[in-house]
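Down below is the structure, laid out as structure tokens.
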Amino acid sequence: DCDVVLLDGQMPNLDGYGAARAIVERWAAGRGRGPRPRLIAMTGNAMQGDREKCLAAGMDDYIAKPVRIEELTAALEKW
């Protein structure tokens, strides 16, 4: 089990958006163990609307690349 999953929106095979939807669906269907891990997008997409797209896919937070250690630390402490 894990507490936090870092997802990239542009992963091969199953992108971060699809992975987030699958994780959220698994826990909603009662197939996940324990509390659902928090999902944090880490993506180079920093265009207007990208944060909203990540949140709409079920992610809990969003960090734009290049990642600043302060932002990553803050997100991890938050969740």
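Values in this document were obtained by computation on a predicted structure and should not be read as measured data. For the numbers below, each heavy atom of this structure counts, side chains included, while hydrogens, waters and symmetry mates do not. Positions are given from 1 along the sequence.
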Straight-line distance of Y62 OH to L39 CG, nearest 0.5 Å:
15.5 Å

How far does CZ of R33 sit from CZ of R26, to the nearest 0.5 angstrom?
9.0 Å

Under 3.5 Å, which donor-acceptor pairs link side chains of residues 70-79 to any protein atom two or more places apart or in another chain?
from	atom 1	to	atom 2	distance (Å)
E71	OE2	R68	NH1	3.3
T73	OG1	I69	O	2.8
W79	NE1	D61	OD2	3.0

Minimum heavy-atom separation for L7 to G16, with atom names?
CD1-O, 3.8 Å

Heavy-atom closest pair (P37 atom, V5 atom, distance to 0.1 Å) is CB-CG2, 4.0 Å

Heavy-atom side-chain contact between T43 and D50 under 4.5 Å:
no

Should I23 and L14 be regarded as members of a common hydrophobic cluster, given that ILVMFWY residues are connected when their side-chain heavy atoms come within less than 4.5 Å of each other, either directly or indirectly?
no

Do the side chains of M59 and W27 join up, straight or via other hydrophobic residues, at under 4.5 Å, putting them in one cluster?
yes

So does I40 get a backbone contact from the side chain of D60, meaning a donor-acceptor N/O pair under 3.5 Å?
no

Just wondering, are more than 12 heavy atoms of other shown residues or ligands nearer than 6.0 Å to CZ in R31?
yes

